[in-house]
Protein chains: 2
Amino acid sequence: MTKAQLDEVDLEILAALSARADLTNKALAQQLGLAESTCAHRVRSLRDRGIIRDTRVRLDAAALGYPLEAIIKVRLANHTGEKVNALFDALVATPQVLQVFHVAGVDDFLVHVAVRDAVALRDIVLEHITVHPVVRGTETQLVFELRDGRGVLG
Amino acid sequence: MTKAQLDEVDLEILAALSARADLTNKALAQQLGLAESTCAHRVRSLRDRGIIRDTRVRLDAAALGYPLEAIIKVRLANHTGEKVNALFDALVATPQVLQVFHVAGVDDFLVHVAVRDAVALRDIVLEHITVHPVVRGTETQLVFELRDGRGVLG
DNA sequence: TATGAAAGAGTGGGGCT
DNA sequence: AGCCCCACTCTTTCATA
């Protein structure tokens, strides 16, 4: 386990970048009252230590023609490790899949998808999920709205 | 509905930035065989049109001291619009909440949280969720692993 | 470790095709 | 639209404390 050694400045950097990932190093340095080089070193260190994992763009799925989002709950018939991992891989590799949660409890996977319409949703369930023999059943919930929370620094 | 008018080049830009959000404009232009200014204009247009919503950093919650993630399913007693929205707002504003799905179906909300330990998880459920009278019940599932899918362009 | 300054790299606007 | 050029800004390295 990475025992993160984070001081106040590191946390401020993380908070600032969480709010605006596209902040320039210069602006970030000014905002925190650091020299630009110092700030750059800090940020690089946070990346190197894996505390900042990566930077991602968020696309508007609806604008791209995939206005329907859903969570598909997947329950398995049995839970041998190998089969579970194989299914996990298959789910992640399925087109239109945004994220896959492998969970403990009533369900085994929660699959978040964005699709063109209800037909495409059905096709994913039938052709990419229930085709696997290890899948006992699925239950689909339409996503009305997805909002981000305050995050881990909140 | 934003009827997005996207040509081949736009899609290539989106694919490239989905893979590496921190690609410089210069590198992106070279990769696609465009002039740098042309490429910059394209990217700006995609942002202005909202197709690229924003850029975000992903933090390692575990490294920050929040190694336990869970999905809390929330079911409501009744569904008057006003109360539902108020609860949505409250959930999003709760510390340690990463995302909140408002869904249609068996559950009403799926709340994705990252916490320090089981005690903190219990505290969220008891102090931030079941305190709301409109909440009939919750069911918590531990997240073993969360993986990204191929996304909307997959 | 943090800093300032200078070299190097990247960005974005104007005029043109 | 797209492209080239150029002035500008930002990043990064390095010597120094």
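Chain A is the first sequence line, chain B the second, and so forth, proteins listed ahead of strands; every chain is numbered from 1. For the numbers below, each heavy atom of this structure counts, side chains included, while hydrogens, waters and symmetry mates do not.
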Between atom NE2 in His41(A) and atom P in dT16(D), what is the gap in whole Å?
17 Å
Mind checking whether His112(B) and Phe101(A) have ring centres under 6.0 Å apart?
yes
Worked verdict on Asn25(B) versus Glu36(B) for side-chain contact (heavy atoms from CB on, under 4.5 Å):
CA-CA 7 Å; Asn25(B) 179 67; Glu36(B) 292 164 26; 3.9 Å; yes
Separation of Arg44(B) atom CZ from dA1(D) atom C1', in whole Å?
16 Å
Donor-acceptor pair between His102(B) and Asp108(B) side chains, under 3.5 angstrom:
no
Could you check how far CG of Leu32(B) sits from C1' of dC3(D), rounded to whole Å?
15 Å
Would you check if there is a donor-acceptor pair between the side chains of Arg42(A) and Thr38(A) at a distance under 3.5 Å?
no
Measure CD/Glu36(B) against P/dC10(D) and give the value in whole Å, please.
17 Å
Using chain A heavy atoms and a threshold of under 4.0 Å, write down where along DNA chain C the contacts begin and end, 5' to 3'.
dA2(C) to dG4(C)
Rounded to the Å, how far apart are Gln30(A) CD and dC10(D) C1'?
11 Å
Reckon Arg42(B) has a side-chain N or O less than 4.0 Å from the OP1 or OP2 of dA1(D)?
no
For the base of dC14(D), is there a side-chain donor-acceptor partner from Ser37(A) under 3.5 Å away?
no
Between Arg47(A) and Asp22(B), does at least one N-O distance fall below 4.0 Å, as a salt bridge requires?
no
Intermediate values then yes/no, salt bridge (charged side-chain N to carboxylate O under 4.0 Å, His left out), Asp148(A) and Arg58(A):
CA-CA 12 Å; Asp148(A) 286 344; Arg58(A) 285 201 301 184; 2.5 Å; yes
Whole angstrom value for the distance that separates C1' of dC8(D) from CG of Asn25(B):
15 Å
Can you tell me the distance, in whole Å, between the CG atom of Leu34(A) and the P atom of dC10(D)?
17 Å
Output the rounded distance in Å from CG (Asp22(B)) to C1' (dT12(D)).
16 Å
